[in-house]
Amino acid sequence: CQHCGSNSSFINFCLKQPNIKSLSQAANKADELRNFAHFNGHLELSLALSKVNDILSDIKLRKPKQETLISNYFFSKH
């Protein structure tokens, strides 16, 4: 990949690190989008985003000890 320097011919893709770094930030963004959808009458989108928030809440409840950074899934500290 020209962005990350990967030379793999089998899998040649590059993951861009997201602007959202935590589950709380993701939930806040999903809630903003849900409010936007609801306000503009997009019921199906609003309901889908409510489901996203439910899933994010479930993930947060499984790991209440610390806020999970998305970057932890991509970078190892070994």
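For this chain, numbers begin at 1 and follow the sequence in order.
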Q: Counting only heavy atoms from other residues, nucleotides and ligands, does the tally under 6.0 Å from CG of Asn40 exceed 12?
A: yes

Q: Would you give me the side-chain donor-acceptor pairs under 3.5 Å for residues 43-59, sequence neighbours excluded?
A:
residue : atom : partner : partner atom : Å
Ser50   : OG   : Ser46   : O            : 3.1
Ser57   : OG   : Asn53   : O            : 3.0

Q: Donor-acceptor pairs are to be reported for all side-chain atoms of residues 32-39 against protein atoms at under 3.5 Å, with residues two or more places apart or in another chain.
A:
residue : atom : partner : partner atom : Å
Arg34   : NE   : Asp31   : OD1          : 3.2
Arg34   : NH2  : Asp31   : OD1          : 2.9
Asn35   : ND2  : Asp31   : O            : 3.4

